[in-house]
Structure formats: structure tokens, C-alpha cells
Amino acid sequence: MPNRFAVIDFETSGLSPTVGCRATEVAVVLWQDGRELDCYHSLMNAGVRVPADIERLTGISNAMLRTAPPAATVMREVADFVGDIPLVAHNAAFDRKFWDHELGLLGRQRRQDFACTLLLARRLLPHAPDHKLGTLTRWAGLPDAGRAHRALADARMAAHLLQYLLETAERQHRRPGLCHPQLCQLQKVPAGKVSDFLRNL
DNA sequence: TGCCAGGCCCTCTTTAGGGCCTT
């Protein structure tokens, strides 16, 4: 059975759907056995205005969104693309709440858990300068995937980081090929118990 | 005009506070 992951990243109009923020761009990288198999990427028009500071951060302008496909169309496509493949994101709590919210607007529900490269990096890479996606990418010497804070580049960076984390677990703890349920368990283990947890898997 | 969230994790903690991350 191949070890497959759907690594997802949203760009949004703000930090939380609970205050009216919506997704503006989504990308999913289908990652299997250390390489990208396929990807989905689209801007999405949810009918919200992007604040100027977020326009500057992401480079996604309101003019770009006016001509983007409707959010509902994009979400149907990306949900069908992902299917029941296990999801991964950097700071998954953020992407999970937008995934759940946007699917909810379609009357659909999430079908799988999220693994989080931020939580995993805090456990497996405790000596990194910090655990921002960009910092970890540079610190670990991972490939430059393009402009940061665009969904496809960030999803590709997170996919390479996931691979680096899997290889770190293999190199440091002799645990090859951790699967998604094991990653979801590992990300909740107290930082001082990582070696014990991996040894006893 | 400026601000808005929330889960995780550490510590000067646990009857709490604040930094880290995401946009």
C-alpha cells in the first residue's frame, strides 16, 4: 500500500472564517513515496474583499479574484481531487478550519484527519531557529518552490518538509515510512517522549 | 481607522498568561 498524502495550503482574506474570512486560493500536492504525483491549484472568488495588508502579503489582488472561478466550483473540484487521501498542512489547525468551513457551505463534510508539519517539526526538529514554513525550508536546504504565501508554492514547500520529517524520523529514530495515523499520533506526543513513542510503535 | 481567531506549548503554571504559527 503506497504512503500517499494530500498536502494542502489555503490563502485567505484573514485569519478565521468565524469573522467572515474566506479562502481566496487553494493548492493540493498529491505526494507519494517521496515525490509529487499530481497537483490541484486555483484562485477562488468567494465574493469577499481582501484587505490591503493581505494583498501585499500574498500578492493576490481583488482584481485577480474578480475573474477567478466561484469558490463553490473550486471547492467541489478540490474535494473531489482529494477524495479520502489523508491531508497534511503546515499549522493544520488553520487550513482545517477553512477546509471544514468551505466544505460546509457546500453541505459536505471532511472525510479524513489532518497531520500537521508544524507540530511534527516542533517534535522532530526542536533545534530549528523557529518553525515557520519558510524558515524550515531554508534551514533544511529544501527546494525553492516559488513565491512564498502563494498556495501552490507553500503546499510544495510543506510537501518537501513532510518528506524531510519522515526521513528525520527514519534517520534519527529508525522508523521508516511513518503512515498518516502514526503522524497524527506523533504530533500529539509530549516533546520529551518522542524517542520513546517511536521506539514503541 | 484599527481591529477581529484559535490551537498548541512553555513556564515565573495548573484558580494563567503569553508566544508561536497560519492569512
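Predicted, not measured: the structure shown is a model, and the values here were computed from it. A, B, ... follow the sequence lines: proteins, then strands. Residue 1 opens every chain.
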Assess the residue pair L166(A) and F5(A) against the criterion (side-chain contact (heavy atoms from CB on, under 4.5 Å)); give the C-alpha distance rounded to whole Å, side-chain angles, the decisive distance to 0.1 Å, and a yes or no. CA-CA 12 Å; L166(A) 292 169; F5(A) 304 94; 4.2 Å; yes
With rounding to whole Å, what would you report as the distance between [N] and [M] at their [atom1] atoms?
N       : M       : atom1 : value
dT13(B) : dG17(B) : C1'   : 9 Å
dG18(B) : dT1(B)  : P     : 30 Å
dC21(B) : dT15(B) : P     : 27 Å
dT23(B) : dT11(B) : P     : 26 Å
dC12(B) : dC8(B)  : P     : 23 Å
dG2(B)  : dC20(B) : C1'   : 23 Å

Quickly work out the F114(A) CZ to dG6(B) C1' distance and round it to whole Å.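 Taking atom C1' of dG6(B) as the reference, CZ of F114(A) is at 15 Å.
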To the nearest Å, give me how far apart CG (L119(A)) and P (dG6(B)) are.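 After rounding, the gap between these two atoms is 18 Å.
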Evaluate the salt bridge (charged side-chain N to carboxylate O under 4.0 Å, His left out) criterion for residues R199(A) and D196(A): first the C-alpha distance (whole Å), next the side-chain angles of each, then the deciding distance (0.1 Å), finally the verdict. CA-CA 5 Å; R199(A) 192 180 307 116; D196(A) 290 345; 2.9 Å; yes
Would you be so kind as to tabulate the donor-acceptor pairs closer than 3.5 Å made by side chains of residues 146-154 of chain A, with sequence neighbours excluded?
unit_1  : atom_1 : unit_2  : atom_2 : d
R147(A) : NH1    : L57(A)  : O      : 3.2
R147(A) : NH1    : T58(A)  : O      : 3.2
R150(A) : NE     : E25(A)  : OE1    : 3.0
R150(A) : NE     : E25(A)  : OE2    : 3.2
R150(A) : NH2    : E25(A)  : OE2    : 2.7
D154(A) : OD1    : H149(A) : N      : 3.1
D154(A) : OD2    : H149(A) : N      : 3.3

Would you say that D95(A) contacts N91(A) through its side chain, given a criterion of any heavy-atom pair below 4.5 Å between the two side chains?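 No, their side chains stay 4.5 Å or more apart.
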Is the closest side-chain heavy-atom distance between P86(A) and D113(A) below 4.5 Å?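 No - every pair of side-chain heavy atoms lies 4.5 Å or more apart.
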Would you mind classifying the nucleic acid contact of Q187(A) as base, sugar-phosphate or nothing, using non-hydrogen atoms under 4.0 angstrom?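 Q187(A): backbone/sugar contact only, no base atoms under 4.0 Å.
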Show the nearest heavy-atom pair for residues T24(A) and T12(A), with the distance to one decimal.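 Where T24(A) meets T12(A) most closely, the heavy atoms are OG1-N, 3.5 Å.
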Pairwise N/O distances under 3.5 Å, protein to nucleotides 19-23 of chain B:
unit_1  : atom_1 : unit_2  : atom_2 : d
dC20(B) : O2     : R122(A) : NH2    : 3.4
dC21(B) : OP1    : H131(A) : N      : 2.6
dC21(B) : OP1    : H131(A) : ND1    : 3.4
dC21(B) : O2     : N91(A)  : ND2    : 2.9
dT22(B) : OP1    : L133(A) : N      : 2.8
dT22(B) : O4'    : N91(A)  : ND2    : 2.9
dT23(B) : OP1    : D154(A) : OD2    : 3.2
dT23(B) : OP2    : H149(A) : ND1    : 3.2
dT23(B) : O3'    : E11(A)  : OE1    : 2.7
dT23(B) : O3'    : T12(A)  : N      : 3.0

